[in-house]
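Worksheet for the structure shown next.
Given the structure is predicted, the values throughout are model-derived calculations rather than measurements.
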Amino acid sequence: MRTGTPAEEFLALHHGDAPLLMPNPWDAGSARLLASLGFRALATTSSGFAATLGRLDGSVTRDEALAHAAAVVAAVDVPVSADLEHGFADAPDEVAETVRLASATGLAGCSIEDSTGRKDDPLYDFGLAVDRVAAAAEAAHGTDGRLVLTARAEGVLYGERDLEPIIQRLQAYQEAGADVLFAPGVIQLDEVRRVVEAVGLPVNVLVLPGAPPVAELAAVGVRRISVGGAFAWAALSAVVDAATELRDRGTYGYWDRVAGARSTIRTALG
């Protein structure tokens with residue numbers, strides 16, 4: 001039973017005894033399955049959702065992303081945050097409009113990143129990036145029920161190996177009104193610790209290959225852990241394996257691999 005708004009519940013989950021484990025469903029069915037397994041909050045994945053449309057990450061429109069977020073929210077009774085990429089806009093006021101539209105879907109939170117989506121100029125200049133977060137925060141916090149805003153510093157994903165500029169951006173995003181901070185690609189434990197110690201807000205870590213176990217991330221103060229598109233890719237990889245077996249060997253061993261989970265899935269969807 002909820003004791004407050006979805007946003008209030010979601011924010012409180014960042015301050016529990018252990019990090020919030022927040023997996024990323026790619027459709028309503030995967031959302032129901034993950035919620036049935038006991039996860040207390042979910043977040044959409046831009047790459048996982050794009051795959052359901054037969055596309056790669058970065059090709060989804062704002063309307064498509066918002067409709068997807070609404071469908072996931074409607075499917076579960078836990079707080080949902082939406083990956084809104086770069087807000088589907090460059091200008092701060094247009095990013096704010098995206099956040100306002102997101103608030104109408106029933107979301108508990110959303111994230112805005114500082115990457116542009118342009119290969120030749122992948123990151124917004126510092127000042128514009130901060131202004132975009134400030135506009136998003138004003139929109140998120142001015143809505144009925146409020147949205148929890150996660151501000152993402154994407155530099156590591158685009159080759160930035162010096163952690164100091166990443167930290168400077170996160171600190172500026174904190175001052176601009178973000179509720180949660182996130183630097184995807186930062187997974188080395190000593191670097192994660194530096195980020196956590198440099199800011200005063202909950203920090204999310206995206207677990208990528210080579211990331212420390214949950215217990216070690218918890219020990220350095222990480223408050224939220226997400227998987228991005230990993231679960232969607234794991235599901236698609238299982239399809240590749242099953243289809244390859246059928247095509248190349250003419251056998252049906254994939255039924256053995258799904259037998260253990262089938263009742264769990266049927267219960268979640270029933």
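- The nearest pair of heavy atoms linking P25 to S30 is CB-OG, 3.3 Å.
- Between E216 atom CD and R193 atom CZ the span is 9.5 Å, to the nearest 0.5 Å.
- Under the 3.5 Å distance criterion, the side-chain polar atoms of E154 are left unmatched by any main-chain donor or acceptor of P184.
- Residues P19 and L217 are not in side-chain contact: their nearest non-hydrogen atoms beyond the backbone lie 4.5 Å or more apart.
- With E8 contributing its side chain and T5 its backbone, the two residues share a donor-acceptor pair below 3.5 Å.
- In this structure, T105 contributes its side chain and A69 its backbone to no donor-acceptor pair below 3.5 Å.
- When only modelled atom types and interatomic distance are considered, R223 and H14 share no side-chain donor-acceptor pair under 3.5 Å.
- No donor-acceptor pair closer than 3.5 Å links the side chain of E191 to the backbone N or O of Q188.
- Although no hydrogens or angles enter the test, the distance criterion places a donor-acceptor pair under 3.5 Å between the side chain of T116 and the main chain of D121.
- Residue D120 qualifies as enclosed at atom CG: its count of foreign heavy atoms under 6.0 Å is above 12.
- In this structure, a donor-acceptor pair under 3.5 Å is present between the side chains of D179 and H141.
- A distance-only check finds no donor-acceptor pair linking the side chain of N24 to the backbone of G229 [under 3.5 Å].
- A donor-acceptor contact shorter than 3.5 Å links the side chain of T244 to the backbone of V240.
- Taking the ring axis of Y124 as reference, the NZ or CZ atom of R132 stays within 45° of it and closer than 6.0 Å to the ring centre.
- Checking side-chain atoms of R152 against main-chain N and O of L181 turns up no donor-acceptor pair under 3.5 Å.
- Here the options are L206, V203, V195, L170, the test is side chain to side chain contact (heavy atoms under 4.5 Å, CB included), and the partner is F182; only L206 passes.
- One distance of note links NE2 of H68 with CG of L53; it measures 8.5 Å at 0.5 Å rounding.
- More than 12 heavy atoms of other residues, nucleotides or ligands lie within 6.0 Å of CG in D90, so this atom counts as buried by the packing criterion.
- Judged by distance alone, the side chain of E245 and the main-chain N or O of Y254 form a donor-acceptor pair under 3.5 Å.
- Remark: the D27 side chain and the T52 side chain contain no N/O donor-acceptor pair separated by less than 3.5 Å.
- Atoms CG and CG, on N204 and L201 in that order, are 12.5 Å from each other to the nearest 0.5 Å.
- One finds the CG atom of D83 at 9.5 Å from the OG atom of S226 (value rounded to the nearest 0.5 Å).
- Checked by atom type and distance alone, the side chain of E160 pairs as donor or acceptor with a backbone atom of D162 at under 3.5 Å.
- Counting non-hydrogen atoms of neighbouring residues, nucleotides and ligands closer than 6.0 angstrom, the CZ atom of R118 exceeds 12 such neighbours.
- Between W26 and S47 the shortest side-chain heavy-atom distance does not fall below 4.5 Å.
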